[in-house]
Amino acid sequence: MNEDLASRHLNLIQDQRPAVHCLTNTVVQSLTANMLLAVGAIPSMSSDISEVADFTARSQALLVNIGTLDPLRKNAIQAAITSAQENNIPWILDPVLIDRAPVRLAYAQELIKREPAVIRGNAGEISALGSDPKSLARDNRSIVAVTGATDFVTDGNRESTLHVGHELMSRVTGIGCAGTAVLSAFCAVTDTAGHFDAVVAGLHTLGKTGENAARKASGPGAFAATILDEIYFTSQSSSTERPLT
Ligand SMILES: Nc1ncnc2c1ncn2[C@@H]1O[C@H](COP(=O)(O)OP(=O)(O)O)[C@@H](O)[C@H]1O
Ligand SMILES: Cc1ncsc1CCOP(=O)(O)O
Ligand SMILES: [Mg+2]
């Protein structure tokens, strides 16, 4: 079932080539842009306050990743979210490392009040928000995805648990961040009602390509390159509707 869901969304991405504007941390920008290109989306990364609203308005999804922050970037994030809301564009939050600093947690909680379409984080990050994933989803009208060895997705009512991925994915910085960008591209080709399925499909695709890459890579260094290849081959094969594995 998730295979077909993923294949259908990958086909839509190949057809629509959605633009995803990414306000993301300085550690993962290159991997994120390359993962979006490999899956068939079109990334942009500007954070200048003079243009960020326009970049967002001309995109089909906005990624907000708070891994590295500064005052200028915070201003850009607020302006981009406003533009996304004004243009009915889904914005997706990756609350990186909010379990490590109270000020970062408080900032993420402020952003969540603006009702992201999706919140994707690892178990430590999501639990730092202080409510269970289903309540968090219901209270903010968001899809919540809690990722790790097992991924859990909820819209506050529906639930999906995914047993995909490989341990090597936790050994390369940016796989989670790039994963949130990939599921943003999946959300970009669906309407709000389709975002639950889009997140499940995006995480299924990420996990299966991670498994494929782990079979071929000798270690984390090769894995970082191989996962790019694998998500590209997967996106290309979706047009012939071959299974992801
Ligand atoms: N131990 C693991 N076993 C299998 N898959 C994993 C494991 N750790 C991470 N992953 C995969 O990597 C993805 C993102 O990793 P995660 O560690 O949750 O994010 P982050 O890097 O933001 O902490 C998950 O959705 C899952 O597919
Ligand atoms: C190490 C680090 N520090 C701030 S952002 C970042 C990258 C986090 O990437 P991911 O959440 O995908 O592991
Ligand atoms: Mg992360």
Side-chain angles (χ1 to χ4, degrees), residues 13 16-122 125 128-129 140 142-143 145 147 172-189 195 199 202 206 224 228:
I13 292 170
Q16 297 179 25
R17 288 275 187 265
V20 179
H21 191 57
C22 306
L23 294 178
T24 193
N25 68 77
T26 55
V27 177
V28 306
Q29 287 176 356
S30 176
L31 175 63
T32 297
N34 283 328
M35 284 284 276
L36 283 170
L37 286 170
V39 82
I42 302 170
S44 56
M45 298 256 170
S46 166
S47 61
D48 184 90
I49 194 67
S50 68
E51 61 181 14
V52 71
D54 286 336
F55 267 84
T56 302
R58 289 162 176 77
S59 298
Q60 285 69 54
L62 168 68
L63 166 68
V64 174
N65 175 304
I66 64 171
T68 52
L69 289 169
D70 57 58
L72 290 179
R73 181 166 289 270
K74 286 183 174 179
N75 290 341
I77 286 171
Q78 295 294 1
I81 293 170
T82 298
S83 179
Q85 291 172 330
E86 288 170 351
N87 292 281
N88 195 28
I89 293 164
W91 76 275
I92 293 89
L93 177 65
D94 190 328
V96 180
L97 297 171
I98 59 172
D99 48 337
R100 296 282 293 279
V103 67
R104 176 174 286 233
L105 173 58
Y107 177 63
Q109 288 168 325
E110 283 308 302
L111 292 183
I112 288 170
K113 289 176 185 170
R114 301 192 72 180
E115 297 187 341
V118 181
I119 305 167
R120 194 265 355 147
N122 62 43
E125 291 159 349
L129 292 168
N140 300 285
S142 304
I143 306 297
T147 59
V172 174
T173 194
I175 298 297
C177 293
T180 310
V182 165
L183 67 86
S184 301
F186 279 64
C187 290
V189 297
H195 285 168
V199 173
L206 181 74
L228 272 179

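The analysis underlying the following values was restricted to heavy atoms, covering all of them including side chains, and did not include hydrogens, waters or symmetry mates.
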message: Using the rule side chain to side chain contact (heavy atoms under 4.5 Å, CB included), only one of Val96, Asn25, Ile77 pairs with Leu69; which is it?
response: Ile77
task: Check whether any side-chain N or O of Glu125 sits under 3.5 Å from a backbone N or O of Asn122 as a donor-acceptor pair, and report yes or no.
output: yes
query: If you round to the nearest 0.5 Å, how far is CG of Leu63 from CG of Leu183?
result: 8.5 Å
- prompt: Could you give the distance from CD1 (Ile112) to CD1 (Ile98), rounded to the nearest 0.5 Å?
  reply: 6.0 Å
Residue pair Ile92 / Pro116, side-chain heavy-atom distance below 4.5 Å: no
query: Are there more than 12 heavy atoms of other residues, nucleotides or ligands under 6.0 Å from atom CZ of Arg17?
result: yes
- prompt: Rounded to the nearest 0.5 Å, how far apart are CG of Leu97 and CG of Asp99?
  reply: 6.5 Å
Arg120 (side chain) donor-acceptor with Gly176 (main chain) under 3.5 angstrom: yes
- prompt: Between the main-chain N or O of Ala79 and the side-chain N or O of Ser83, is there a donor-acceptor pair closer than 3.5 Å?
  reply: no
field: Derivation of the side-chain contact (heavy atoms from CB on, under 4.5 Å) call for Ile89 and Gln60
entry: CA-CA 6 Å; Ile89 293 164; Gln60 285 69 54; 5.7 Å; no
query: Is a side-chain N or O of Thr68 found less than 3.5 angstrom from the main chain of Thr26, in a donor-acceptor match?
result: yes
message: Can you confirm whether more than 12 heavy atoms, excluding those of Asp70, are under 6.0 Å from its CG atom?
response: yes
message: For a side-chain contact (heavy atoms from CB on, under 4.5 Å) check, start with the C-alpha distance between Leu105 and Leu129, then their side-chain angles and the critical distance, and finish with the verdict.
response: CA-CA 7 Å; Leu105 173 58; Leu129 292 168; 3.8 Å; yes
message: Checking Asp48 against Ser46: is there a side-chain donor and acceptor pair closer than 3.5 Å?
response: no
query: Counting N and O atoms only, with roles assigned by atom type, does the side chain of Arg104 sit under 3.5 Å from a partner on the main chain of Ile66, one being a donor and the other an acceptor?
result: yes
- line: Of all heavy-atom pairs linking Val182 and Gly202, the shortest is CG1-O, 4.4 Å
message: I'd like to know whether Gln85 forms a side-chain contact (heavy atoms from CB on, under 4.5 Å) with Trp91, so could you lay out the CA-CA distance, the side-chain angles of the two residues, the decisive distance to 0.1 Å, and finally the verdict.
response: CA-CA 8 Å; Gln85 291 172 330; Trp91 76 275; 4.2 Å; yes
task: Flag the pair Leu36 / Cys22 as yes when at least one side-chain heavy-atom distance between them is below 4.5 Å, and no otherwise.
output: yes
- line: Heavy-atom closest pair (Ala108 atom, Pro95 atom, distance to 0.1 Å) is CB-CB, 4.4 Å
statement: Note: Val172 and Ala224 closest approach over all heavy atoms is CG1-CB, 3.8 Å
Flag, side chain of Arg114 to backbone of Gln78, donor-acceptor distance under 3.5 Å: yes
query: Within the side chain of Gln29, is there an N or O that forms a donor-acceptor pair under 3.5 Å with the backbone of Thr24?
result: yes
message: If you define the side chain from C-beta out and look only at heavy atoms, does anything of Leu72 sit under 4.5 Å from Ser47?
response: no
- line: Exactly one of Ser44, Ser59, Ser184 clears side chain to side chain donor-acceptor pair (under 3.5 Å) with His21, and that residue is Ser44
- prompt: Nearest heavy-atom pair of Leu206 and Ile175: which atoms, and what distance?
  reply: CD2-O, 4.3 Å
message: Nearest 0.5 angstrom please: Leu23 CG to Ile81 CD1, how far?
response: 8.5 Å
task: Could you tell me the separation between the NE2 atom of His195 and the CZ atom of Phe186, rounded to the nearest 0.5 Å?
output: 13.0 Å
